[in-house]
Amino acid sequence: MMRFLTSLLLGLTLLAAPVSAQNGPLRLELDQGIIEPLPFAVPNFVPDGPAATQYANDLSRVIADDLIGTGLFREISSDAFISRVSSFEAPLQFADWKAINAEALVTGAVNVSGNKLTVRFRVWDVFSDKELGNGLQFTGTTEGWRRMAHKVADQVYSRITGEGAYFDSRVAFVSESGPKNQRLKRLAIMDYDGANVQYLTDSAAIVLAPRFSPTGDRLLYTSYASGSPRIYVLDVDRVRQTELNTQGGTMSFSPRFSPDGRSIVYSLIQGGNTDLWKMDLASGQSVRLTNTPAIETAPSYSPDGTRIVFESDRSGTPQLYIMPANGGEATRISFGQGRYGTPVWSPRGDLVAFTKQNKGRFHIGVMRVDGSEERLLTSSFLDEGPTWSPNGRVIMFTRETQGASGRATLYSVDISGRNLRPVRTPDGGSDPSWGPLQN
Amino acid sequence: MNVLGKILALGMLSVIAACTNNDPSALGGGFGNGANGAISPGSPSDPRSPAYFQQTVGDRVLFSVDQSTLTPQAQTVLQGQADWLLANTDFVATIEGHADEQGTREYNLGLGAKRANAAREYLISRGVAGNRLTTVSYGKERPIEICSTEECYSKNRRAVTVLTGSTLG
């Protein structure tokens, strides 16, 4: 199941196309607040033969769904199309697309030869009568067709926004079923949009909070397989797990990789007290980072690896603190009303996402690293556990509903606070970890 | 009876117990037997039985929101547990610490550990050998009550002393 990932992209080829001029006026500036979604059209990609017809339809659909899902784009229905695109090479009738106000147009062609799939595509700035960037060609296996669609959509997103994208990425999470008092939990991994769910553990032991390595090759997680919460590392491709020897205590949890992937920071419980430790993965040596009687947990590195943001109740209530990566004096950054937890440093380094509990409600929020400009993005009975999209524009988190029939579901929200939407999973879902863009 | 036969008999007893008990709070602390091995509860009328410990002595103490300090009532229950454990030295126990669902998963794991440890330290202070008492935190992963009101939350903020085996084997 996972093997195709390494062999998927046999080739990435620039189509013969004139050297692109500067990007035209078609540009979404995400920092300026997108109120009106940009209208676009993806006429069905042109199949080179009958074997490609279904793939062409499916690729076009997933590309459009990726763009719609951002909340930044609005698809123009094919019912409104004036001209058809029946040849990838034929000149476009720009007037026909202007007439239906399609500001961006994505055209493409699909070829299938055996199990080899080739997709060519171009992105058009309709109102400038020109191509946006260069035509590109992706080659892979038919089995990996969804990834190729995501790669096309990533290109469209990047060319129009000027920012990195996130569609060709995966999310590790905990799949949940059963009532709250007997909930079954399994580690799972899926495409960012909920497709291709694969289970990595059975439900024999409680598993919590998977965390991707920076390159996406490994997952850290907590399991009760031994009877106590302990940290494990799992090789994603081989689905092989190893318990980490966290020293000096019987319970460890809340692990996270350092940006270089060589060490982890985690919580260790000794004598009922939870402190932060760091382990070098090669040597297995652990060193203590905090030493207080408070509960100190949920550590997350800055992207440059020099600092750690974490949660501590040393002031009396859970709040957010930043300390040097090797320990030392911590600076409190959260000062608003309520309780703060699960801080996660953004991939851009400028923001910290967190869970906030105040007046009986839970929120996902973001603040600057110095604690200023706090903004709450969501509000519900129980939201928690944010994770960042690879480009730092979207946050995925857990929403649990209340009462005896309470259920956990994954949600995503734009860091503007707009575009709150559930992520469809076969069962309930919690503790998402958004992995990096795939190569 | 050979060793295998004894294991099978114990297993059957625990299956029967599981089938006849619809109330999960009635036996085994509601959770925790799975990983540590079920033991025979015996008869509640036998003061030396785990069932007596659970139902008459009281196997759990409750905590206030965010607190791990023992209330006077909790200390009374734990004194009873200590007396029982001192009189029944065959048994060892795992103390499970739990939290209600108000709070993040990570914080509640830390809180559950503090609650379990508070109960353990109290039992040790009353003479129970520390090597008979282990702790585990379940955070908010295993509530005993599933409604989302204080009535349920107050029962979920608990430390449960689960007899996990007999030192006589």
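The analysis underlying the following values was restricted to heavy atoms, covering all of them including side chains, and did not include hydrogens, waters or symmetry mates.
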Donor-acceptor check, side chain of A/H363 to backbone of A/T378, threshold 3.5 angstrom: yes or no? yes

Counting only heavy atoms closer than 4.5 Å, note whether B/S137 contacts chain A via side chain, backbone, both or neither. both

Under a 3.5 Å cutoff, is there a donor and acceptor pairing between the side chains of A/T201 and A/R186? no

Contact leader toward chain B among A/P179, A/S254, A/G271, where contacts are heavy-atom pairs under 4.5 Å: A/G271

Got a salt bridge between A/E374 and A/K356, using NZ or NE/NH1/NH2 to carboxylate O under 4.0 Å? yes

When heavy-atom pairs shorter than 4.5 Å are enumerated against chain B, which of A/D313, A/T355, A/T274 gives the highest number? A/D313

Option that, when pairs with chain B are counted at under 4.5 Å, heavy atom only, ranks first among A/T222, A/T297, A/N273: A/T297

After noting the C-alpha distance and the side-chain angles of A/Y301 and A/F257, does the key distance pass the ring-ring contact (aromatic ring centres under 6.0 Å, His included) rule? CA-CA 8 Å; A/Y301 278 97; A/F257 280 101; 9.9 Å; no

A/D275 versus A/T290, side-chain donor and acceptor atoms under 3.5 Å: yes

One pair to check against side-chain hydrogen bond (donor to acceptor under 3.5 Å, both in side chains): A/E176 and A/S430. What are the steps and the verdict? CA-CA 7 Å; A/E176 299 198 358; A/S430 66; 2.6 Å; yes

Quick check against the 3.5 Å criterion: does B/S148 have a side-chain atom that pairs as donor or acceptor with the backbone of A/G403? yes

Max heavy-atom pair count under 4.5 Å with chain B, selected residue of A/P318, A/A209, A/A298: A/P318

Considering only heavy atoms, which portion of A/P293 lies under 4.5 Å from any heavy atom of chain B: side chain, backbone, both, or neither? backbone

Residues of residues 117-124 of chain B under 4.5 Å from chain A (heavy atom pairs)? B/N117

Between A/R183 and chain B, which part of the residue has a heavy atom less than 4.5 Å away: side chain, backbone, both or neither? both

May I ask you to check whether B/W84 and B/Y52 place their ring centers less than 6.0 Å from one another? no

Is a donor on one side and an acceptor on the other found under 3.5 Å between the side chain of B/S64 and the backbone of B/Q67? no

Distance col, row A/N181:CG vs B/R142:CZ, nearest 0.5 angstrom, shows 8.0 Å

Let me know if A/Q402 has heavy atoms under 4.5 Å from chain B in its side chain, its backbone, both or neither. both

The interface call for B/N156 against chain A, heavy-atom contacts under 4.5 Å, is neither

Between A/E400 and A/T398, is there a side-chain donor-acceptor contact under 3.5 Å, judged purely by atom types and distance? no

Given the options B/A113, B/A116, B/C147, which has more heavy-atom pairs under 4.5 Å with chain A than any of the others? B/A113

